[in-house]
Amino acid sequence: MDYENGSSVTEFILVGFSGDSQLQIFFFVIFFLIYDATVVGNILIIATVTANSTLHSPMYFLLGNLSFLDMCLSTVTTPKMIRDLLAEHKSISLWGCTVQMFFMHLFGGAEATLLIVMAFDRYVAICKPLHYRTIMSHRLLHVSVLLSWTIGFIHTMSQMVLIVNLPFCGHNIVNNIFCDLPLVIKLACIETNTLELFVIADSGLLSFICFILLLLSYIVILVTVKHKSPGRLSKALSTLSAHIMVVTLFFGPCIFIYAWPFGSFASNKVLAVFYTVITPVLNPVIYTLRNQEMKKAMKKLWIQQVSFM
């Protein structure tokens, strides 16, 4: 690609973490351990849900899908970031940058939709327990998961059409740990105000609306429980607290990165780390350490594996 404004950009320079070599090594060790914990923890959840027949329920089916999406979302960005911490030339090709953004928004959009499905599952379980199995049927579960992936694909494709024909030339430094749409668009050789507003309306508004809908659903659940069965309110609060924590950690950074005006939070690396590195490793901890049934199933699976070996 050649443009009149300058030579075409074939790669971007990532300047996510700057500092001396010892600090870079420190970050390398920390993020390497976090990523390992993310992969192991989420695989353990998927394996436990699959292998244990007592966990073949709608809630754990959705939890297994959430773990898969978390693992995929972290894998899109974290391994490259870890490698760059020890590399002198921190770069990524234009094609690699596009692929990274495509899958990040695919998995992110799918996870946002899945969290809404999980909130609906908790509403039915808490507010309509007698009809839970009838409402949360296998057909509805599979359709919901397929819908989440479809929405994620539509969301990421709507983002990718923005950059397919953008001319990149000259300045090619991305001030982040990975390629993300707001920062990449700012590097284009053309006026991008319209595109920036579209990103805010698409990713930012989607994140904000999903977050509000989820909070409202939790409020409805708590009000319903308090009205029908005050004695179950503490149990409902305990169940929903894990979901509220996951939702806040997932959507909080997304809202600031995508819904805020460009330039204010777009280069905030701390939010980027939370969104792609920290949240995927916290989900297994939040769900498993607070769930006695899951911990018992994991212990049983571990004993079976040790006995087999």
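FYI, the numbering just counts along the sequence from 1. The structure presented is a predicted model; accordingly, all values stated were derived computationally and were not measured.
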* Would you say Val40 and Tyr35 are hydrophobically clustered, going by side-chain heavy atoms of ILVMFWY under 4.5 Å? -> no
Distance-only criterion, 3.5 Å: show the donor-acceptor pairs between side-chain atoms of residues 120-133 and protein atoms not counting sequence neighbours.
from   : atom 1 : to     : atom 2 : distance (Å)
Asp121 : OD1    : Tyr132 : OH     : 2.5

* pair Phe68-Asn42: side-chain heavy atoms closer than 4.5 Å -> no
* Asked: Taking all non-hydrogen atoms of both residues, which atom of Met104 and which atom of Leu73 are closest, and how far apart?
  -> O-CD1, 3.7 Å
* Asked: Does the His142 side chain pair with the main chain of His138, one donor and one acceptor, at a distance under 3.5 Å?
  -> yes
* Which atom pair, heavy atoms only, marks the closest approach of Thr276 to Pro280? -> O-CG, 3.6 Å
* Between Met81 and Asp84, is any pair of side-chain heavy atoms under 4.5 Å apart? -> no
* **Linked, directly or transitively: Met157 and Ile151 (ILVMFWY side chains, under 4.5 Å)** => no
* Considering all heavy atoms, the nearest Val247-Phe211 contact -> CG1-CD1, 3.6 Å
* Got a donor-acceptor contact below 3.5 angstrom from the Thr156 side chain to the Phe102 backbone? -> yes
* Got a donor-acceptor contact below 3.5 angstrom from the Gln24 side chain to the Leu86 backbone? -> no
* Between Leu282 and Thr279, is any pair of side-chain heavy atoms under 4.5 Å apart? -> no
* To do: Give me the ring orientation class for Phe32 and Phe28: parallel if the planes are under 30° apart, tilted from 30 to 60°, perpendicular past 60°.
  => parallel
* Structure fact -> Residues at least two apart in sequence or cross-chain that pass side chain to side chain donor-acceptor pair (under 3.5 Å) with Gln159, listed by chain then number, are Asp202, Ser203
* Any donor-acceptor N/O pair, Thr48 side chain to Leu44 backbone, under 3.5 Å -> yes
* Shared hydrophobic cluster for Ile116 and Ile209 (ILVMFWY, side-chain gaps under 4.5 Å) -> no
* same_hphob_cluster(Ile34, Val76) at 4.5 Å side-chain heavy-atom cutoff -> yes
* To do: Decide whether Leu181 and Leu205 are clustered together by the hydrophobic rule: side chain heavy atoms of Ile, Leu, Val, Met, Phe, Trp, Tyr closer than 4.5 Å, transitively.
  => no
* Structure fact -> Looking only at heavy atoms, the pair that brings Thr50 and Ile46 closest together is OG1-O, 2.7 Å
* Note, Val281 side chain near Ser74 side chain (heavy atom, < 4.5 Å) -> no
* Beyond-backbone contact of Leu62 with Leu114, side-chain heavy atoms, under 4.5 angstrom -> yes
* For the ring pair Phe153 and His105, is the centre-to-centre distance below 6.0 Å? -> no
* Is there side-chain contact between Ile45 and Leu63, with at least one heavy-atom pair below 4.5 Å? -> yes
* Asked: Which atom pair, heavy atoms only, marks the closest approach of Leu140 to Ile135?
  -> CD2-O, 3.1 Å
* Asked: Which class fits the ring pair Phe107 and Trp149: parallel under 30°, tilted 30 to 60°, perpendicular over 60°?
  -> perpendicular
